[in-house]
Amino acid sequence: MPERRFRRMQYAFNSLLGEILLWILTLLMFLWAISVVMTYQVADSIANMPYDEQLANEVRGLSGLVSVRNGQVVVNFPSPAREILRADSKDRVYFQILGPDGNLLAGDKDLPMVDAPFRPDGTTVLFRDDEIVDDEVRVAYSFLPLIPDQAPVLVQVAETHQKRLGLASRIVSGVIVPQFVIVPIAVLLVYLGLSRGITPLQRLQQELHDRLPSDLEPISVQGIPFEIRPILEALNDVMARLAENLKVQRRFTADAAHQLKTPLTGLRTQTELALRENSPEAMRRGLEHVAVSAENLSRLTQQLLSLARAEAVGGGQDDFGQVDMNDLVRTVAKEWADRALERRIDLGFESEGGPLWVRGSPFMLHEMLTNLIDNAIKYTAPGGMVTVRVISDIGSCRIEFEDSGIGIPVEERQHVFERFYRVLGTETDGSGLGLAIVKEVCEFHRGSITISSPEKGEGTLVRLNIPSAATV
Ligand code: ADP
């Protein structure tokens, strides 16, 4: 049951209109309750005023009947006057005149006594609420100092609250009843106002709904309430970035298609040429060309896949885990030892020993290292040197690929990470994707990469820094 209530509340708060209405209604109800209490209090005091005045007059009238004769307090109260005093169609009326000794001179004995003020003046009429038997009454009373050195005479007139309650409830209902009409009208107006207020949102929804999936043009903020503008501007910002991303993706697809087309055309031509040969020897040479082209094509496809994988959001997360970079770099170096030997390149591996843990995808990291060692060997002439180092840095793992090859001109160093970018005049086979993959994988692992020149001699020094597993 509580769960259901919670869900219902959540539902209400998911609607902006619902939430605002709920708040306004709560506030209205709260104000209404306060206004009822206040109206009642005000009505009560208003209703008391004329009837108190009437009671006071009766006390003054009674006081006029009390006099002193021969040192004795006497009351001259003819019975018609008594009847007039008691004659009231709605309330019970009580009166009392008490002598200086507290003796009842006239009226009802049940009226409670009160203490006299310090200096009674005989004219002031006081009021209080009291009880007679079980009746709640309003009492007007006055003290008459008739005989010096003796207690004053007390004159009291009391009446029940019927007339007052009747007047007060007439005042209250006169104020409250119209509110039964006003409050629902106010709620309705608020609802209509809010509904009108969210019309631009509905228009916006329709506009977004009608859009073509390819339309990433910014949405116009014209006529949109200023409260909603920041959301729209943020949305436009996202769309602009999405459009830019889409443009890059389209260019990449076009470039990739072009890159695949060229070796495929070459492969087809080489195959046709080989097929036209008659001697097995010439055919074999032709087929060797085919094999090299097929190998290049396969490498290019592999690189395109790697790039797509590294780029995909969360790509490679499935094999994410602790990776010992020392072990991985050594494995990659071993894998390329034969190739280095083939090219008469002295491939060295330097490490401090012990494991160097990073958090990442072994597959992607392997691909990154492969591209870097491939470049180092590829762009170094036979007889040259390639050294791979794994160094433990503060909070990270540093990997260096140093070669004595042709080097990368300083002005080209920022461009070589772009997709399909190759330094002009590079004769070696390649696609221009290797370093783009390296950068993507490196950034994915929150690492950094720099290209510089070795301290001694010509060549290239590529330095990678990947945060250690403990700091990620
Ligand atoms: P690819 O090697 O397939 O052309 P890369 O993205 O790996 O593509 O490299 C981009 C360019 O950077 C290469 O074409 C090459 O000119 C240059 N380059 C990369 N690594 C080296 C290196 N170790 N030595 C010299 N030039 C390099």
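When a ligand or atom number is given, it counts from 1 through the structure's own listing order. Position 1 is the first residue of the sequence, and the numbers go up from there. Computed from a predicted model, the values in this text were never measured in an experiment.
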Does the side chain of V358 come within less than 4.5 Å of P467's, by heavy atoms?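 P467 vs V358: side chains apart.
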How many angstroms lie between atom [atom1] of [X] and atom [atom2] of [Y], to the nearest 0.5 angstrom?
X    : Y    : atom1 : atom2 : result
L433 : R299 : CG    : CZ    : 9.5 Å
F363 : F320 : CZ    : CZ    : 14.5 Å
I437 : N371 : CD1   : CG    : 5.0 Å

Numbering the atoms of ligand 1 from 1, which are under 4.0 Å from a heavy atom of [X]?
X    : result
V416 : 6 (O), 10 (C), 11 (C), 12 (O)
G432 : 1 (P), 3 (O), 4 (O), 6 (O), 8 (O)
G407 : 25 (C), 26 (N)
L433 : 6 (O), 8 (O)
Y421 : 10 (C), 11 (C)

Any N or O of [X] that comes nearer than 3.5 Å to an N or O of ligand 1?
X    : value
D403 : yes
R422 : yes
I408 : no
I406 : no
T426 : yes

Option nearest atom 3 (O) of ligand 1 (shortest heavy-atom distance, choices G434, A436, S431):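 Looking at heavy atoms only, the winner is S431.
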In the protein, which heavy atom is nearest to [atom], and how far is it?
atom                    : result
atom 17 (C) of ligand 1 : V423 CG2, 4.0 Å
atom 19 (C) of ligand 1 : N375 ND2, 3.5 Å
atom 24 (N) of ligand 1 : T460 OG1, 3.2 Å
atom 6 (O) of ligand 1  : L435 N, 2.8 Å
atom 21 (C) of ligand 1 : Y379 CD1, 3.4 Å

Check if [X] has a non-hydrogen atom at a distance under 4.0 Å from any atom of ligand 1.
X    : value
E412 : no
N371 : no
G405 : no

Quick one, N326 with S351, criterion side chain to side chain donor-acceptor pair (under 3.5 Å). Give me CA distance, side-chain angles, the key distance, then yes/no. CA-CA 7 Å; N326 195 38; S351 143; 2.7 Å; yes
What residues form a side chain to side chain contact (heavy atoms under 4.5 Å, CB included) with V114, not counting sequence neighbours?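 With sequence neighbours excluded, V114 shows a side chain to side chain contact (heavy atoms under 4.5 Å, CB included) to R128, Y141, F143, L154, Q156, given in chain and number order.
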Apply ring-ring contact (aromatic ring centres under 6.0 Å, His included) to the pair F180 and W32, showing each step before the final yes or no. CA-CA 10 Å; F180 278 104; W32 197 36; 5.1 Å; yes
Under 3.5 Å, is there a donor-acceptor pair between the [X] and [Y] side chains?
X    : Y    : answer
E367 : Q303 : no
H366 : E335 : yes
E412 : Y421 : yes

Testing R138, R164, R92, K90 one by one against E159 for a salt bridge (Lys or Arg N to Asp or Glu O under 4.0 Å), which residue passes? R164
Is there a side chain to side chain donor-acceptor pair (under 3.5 Å) between N465 and S396 once you walk through the steps? CA-CA 6 Å; N465 259 79; S396 71; 2.8 Å; yes
